[in-house]
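Encoded as structure tokens, the structure appears first; notes follow it.
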Amino acid sequence: MRKRVHFDKFWGNGWPDLTELQPYFLAPAGQQWFGAGGNDGASLSLEGVDNTEHLLPGEGRVVIDLMMTGDPRSAFC
């Protein structure tokens, strides 16, 4: 199974430790991740879940993508 990340300073294969991601989700108001660097999106991906990495995309490979978008103007952020 391949893990990939596109999240602020974390880019590439593998995932950062959860303690490194925690501040992005538990930051005080005004210090949330979406306000840093002008980027308001991030993703964590898994390719080949449940031993399906040998299968081609669209032919049985299980892929999970968690995509997040933050907007400081939103009532939900």
Side-chain angles (χ1 to χ4, degrees):
M1 178 171 52
R2 186 166 100 168
K3 297 178 181 179
R4 295 175 36 157
V5 63
H6 297 99
F7 198 112
D8 191 30
K9 64 183 178 180
F10 307 104
W11 287 84
N13 293 323
W15 284 353
D17 189 80
L18 291 178
T19 59
E20 294 179 275
L21 292 178
Q22 185 177 12
Y24 292 91
F25 296 95
L26 301 176
Q31 297 178 17
Q32 297 92 343
W33 62 272
F34 52 76
N39 189 357
D40 66 353
S43 69
L44 299 168
S45 301
L46 289 167
E47 297 177 6
V49 177
D50 289 336
N51 298 315
T52 61
E53 59 270 359
H54 65 285
L55 301 172
L56 296 174
E59 295 185 14
R61 182 186 295 169
V62 178
V63 177
I64 299 172
D65 289 315
L66 172 63
M67 303 191 75
M68 298 158 279
T69 302
D71 184 344
R73 299 168 294 178
S74 171
F76 300 106
C77 295

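Nothing fancy with the numbering, it's 1 onward along the sequence.
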Do you reckon [X] sits in the same ILVMFWY cluster as [Y], going by side-chain contacts under 4.5 Å, direct or chained?
X	Y	value
F7	L66	yes
L46	V62	yes
V5	M68	yes
M1	I64	yes

Which residues share a salt bridge (Lys or Arg N to Asp or Glu O under 4.0 Å) with R61, sequence neighbours left out: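 Expected list: none.
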Distance-minimising heavy-atom pair for M67 and S43: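 Taking M67 first and S43 second, the nearest heavy atoms are CG-CB, 4.1 Å.
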Heavy atoms only: give me the nearest S45-D65 pair and the separation to one decimal.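 For S45 versus D65, the nearest heavy atoms are OG-OD1, 2.6 Å.
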Please list every donor-acceptor pair under 3.5 Å in which a side-chain atom of residues 15-22 meets a protein atom from a residue at least two apart or in another chain.
residue : atom : partner : partner atom : Å
W15     : NE1  : R4      : O            : 3.2
D17     : OD2  : T19     : N            : 3.0
D17     : OD2  : T19     : OG1          : 2.5
E20     : OE1  : D17     : N            : 3.1

Once side-chain hydrogen bond (donor to acceptor under 3.5 Å, both in side chains) is applied, do any residues pair with N13, and if so which ones, sequence neighbours excluded?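 With neighbours one apart ignored, the set is empty.
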Sequence neighbours excluded, which residues qualify as side-chain hydrogen bond (donor to acceptor under 3.5 Å, both in side chains) partners of T52?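 Residues passing side-chain hydrogen bond (donor to acceptor under 3.5 Å, both in side chains) with T52: none at all.
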Using the side chain to side chain contact (heavy atoms under 4.5 Å, CB included) definition, which of the options L55, V49, N51 pairs with E53?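 Single side chain to side chain contact (heavy atoms under 4.5 Å, CB included) partner of E53 among L55, V49, N51: N51.
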